[in-house]
Amino acid sequence: MNVIVDLCVVPIGVGVSVSEYVAACERILDEAGLRHQMHAYGTNIEGEWDQVFTAVKRCHEVVHQMGAPRISTSLKVGTRCDRAQTMQDKIDSVNSKLKGEPPPSRHPDYEQGAAQGKELMSEDCIFCKIVTGEIPSDQLYQDELVTAFRDISPQAPVHLLIVPNRHFNDFGQMGDEQAAIMGRIAEVAGLLAVEEGVAPDGWRFVTNIGENGGQEVLHTHFHLLGGRPLGPLLAR
Ligand code: DGP
């Protein structure tokens, strides 16, 4: 289970400046590979529950080792199971409202759904449910931004799908603000191509958009295909 926390570690009995202790904690979070954002009264951290709390424990251990006899930590903890949401998603959502723009995931169909009183969230989306684990999949990779799993109906010896955890109807709905997600998709695709053994001979990475594109599932996804010569790009 993923968690977002707001951590404020306050060493007691070490004088008025705590910055060296905060720096030590930031280093621990870096080493743990956790996404984190320091602010004036603490640090937001996101990641897998056990990894986050192991890092919090390590912060206490190290700050004690540095000479603090007491530590008083405050911690806000948030989880959600209705959909995947990162810290950046929360910020983007507020920023888009400040700019007077609809959230980036709002496709015209989404607005239409709203007008018809349909549930706006992606509850009906198969891939959102795969991301949260509500629908089982043969999952190969997941982090706070993307999930990769095997296609249920493989068209090649290796046929994986890589999806953003957050719902976008299709790739055309994604923009500049999703640069981090797109970068991660590229990175994970390269890693999985190596892991699946298709990197040496080559592979294909495609996304279908809309009806003419042959898109069946309305949640941005990339097909990673390989393991045999894939022929021309388009069926003739
Ligand atoms: P596209 O046609 O580009 O929208 O591709 C959708 C792909 O998603 C298609 O190759 C089959 C796959 N797919 C559909 N439903 C599921 C599912 O429940 N689990 C998995 N693993 N793949 C699915």
Looking only at heavy atoms, the pair that brings I28 and C59 closest together is CD1-CA, 3.7 Å
Is there a side-chain contact between M182 and F171, using heavy atoms and a 4.5 Å cut-off?
-> yes
Backbone N or O of L161 within a donor-acceptor pair of the D151 side chain at under 3.5 Å?
-> no
Can you list every side chain to side chain donor-acceptor pair (under 3.5 Å) pair that touches residues 10-33, not counting sequence neighbours?
-> S17-S19, E26-H36, E26-T43, D30-H36
Side chain to side chain donor-acceptor pair (under 3.5 Å): pairs with one or both residues in residues 69-79, sequence neighbours excluded | H60-T73
Shortest non-hydrogen pair, E196 vs L160, comes out as CG-CD1, 3.9 Å
Rounding to 0.5 Å, atoms CG (N44) and OG1 (T86) come to a distance of 11.5 Å
Could you walk me through whether T220 and F127 pass the side chain to side chain contact (heavy atoms under 4.5 Å, CB included) check?
-> CA-CA 9 Å; T220 302; F127 288 175; over 6 Å; no
Just how far is it from atom CE of M1 to atom CG of D50, taken to the nearest 0.5 Å?
-> 9.0 Å
Test side chain to side chain contact (heavy atoms under 4.5 Å, CB included) applied to R166 and D92, step by step | CA-CA 12 Å; R166 178 173 167 191; D92 288 348; 3.6 Å; yes
Taking only residues two or more places apart in sequence, or in another chain, which ones meet Q65 in a side-chain hydrogen bond (donor to acceptor under 3.5 Å, both in side chains)?
-> none
Apart from V194 itself, what residues make up its hydrophobic cluster when side-chain heavy atoms of I, L, V, M, F, W and Y under 4.5 Å apart count as a link, directly or indirectly?
-> none
Applying the 4.5 Å side-chain criterion to the ILVMFWY set and letting contacts propagate, would L75 and I45 be lumped into a single cluster?
-> yes
What are the two closest heavy atoms between Q51 and L34, and how far apart are they?
-> O-CD1, 3.9 Å
Point-to-point distance, once rounded to the nearest 0.5 Å, from OG1 of T207 to CE of M174 = 9.0 Å
With the side chain counted from C-beta on, respond yes when L230 and W203 share a heavy-atom pair under 4.5 Å apart, and no when they do not.
-> no
ILVMFWY cluster, I4 and V56 together (side-chain gap under 4.5 Å) = no
Does any non-hydrogen side-chain atom of D6 lie less than 4.5 Å from one of H39?
-> yes
Same hydrophobic cluster for I71 and V5, using side-chain heavy-atom links shorter than 4.5 Å among ILVMFWY?
-> yes
What distance do I130 atom CD1 and Q142 atom CD have between them, rounded to the nearest 0.5 Å?
-> 11.0 Å
Could you please spell out the steps behind the side chain to side chain contact (heavy atoms under 4.5 Å, CB included) verdict for V131 and H167?
-> CA-CA 10 Å; V131 166; H167 184 90; over 6 Å; no
Please check if atom CZ in F205 has more than 12 non-hydrogen atoms from other residues, nucleotides or ligands closer than 6.0 Å.
-> yes
For the residue pair I185 and F222, establish whether any side-chain heavy-atom pair is separated by less than 4.5 Å.
-> yes
Of all heavy-atom pairs between A55 and L29, which one has the smallest distance, and what is that distance?
-> CB-CD2, 3.9 Å
Any donor and acceptor pair, going by atom type alone, linking the side chain of R204 with main-chain N or O of H223 inside 3.5 Å?
-> no
Hey, what do you get for CD1 (I126) to CD1 (I135), rounding to the nearest 0.5 Å?
-> 6.0 Å
Is there a side-chain contact between V146 and E187 (heavy atoms, below 4.5 Å)?
-> no
By salt bridge (charged side-chain N to carboxylate O under 4.0 Å, His left out), E46 pairs with (sequence neighbours left out) none
Taking every non-hydrogen atom, the tightest pair across I209 and G172 | CD1-N, 3.9 Å
Is there a donor-acceptor pair under 3.5 Å between the side chain of N208 and the backbone N or O of E216?
-> no
Are Y41 and M38 grouped together when hydrophobic residues (ILVMFWY) are joined by side-chain heavy atoms under 4.5 angstrom apart?
-> no
Ring pair (Phe, Tyr, Trp, His ring centres under 6.0 Å) with F53: which residues, sequence neighbours excluded?
-> W49
Worked check of side chain to side chain contact (heavy atoms under 4.5 Å, CB included) between L145 and Q88 | CA-CA 10 Å; L145 295 179; Q88 192 59 46; over 6 Å; no
Can you tell if the side chain of V77 reaches within under 4.5 Å of the side chain of V52, non-hydrogen atoms only?
-> no
Return yes if some donor-acceptor pair links the side-chain N/O of H219 with the main-chain N/O of V217 below 3.5 Å, else return no.
-> no
Expected output: side-chain D170 to main-chain Q173 donor-acceptor under 3.5 Å | yes
Shared hydrophobic cluster for V10 and V62 (ILVMFWY, side-chain gaps under 4.5 Å) = no
At their closest point, which heavy atom of P164 faces which heavy atom of I181, and how far apart are they?
-> CB-CG2, 3.6 Å
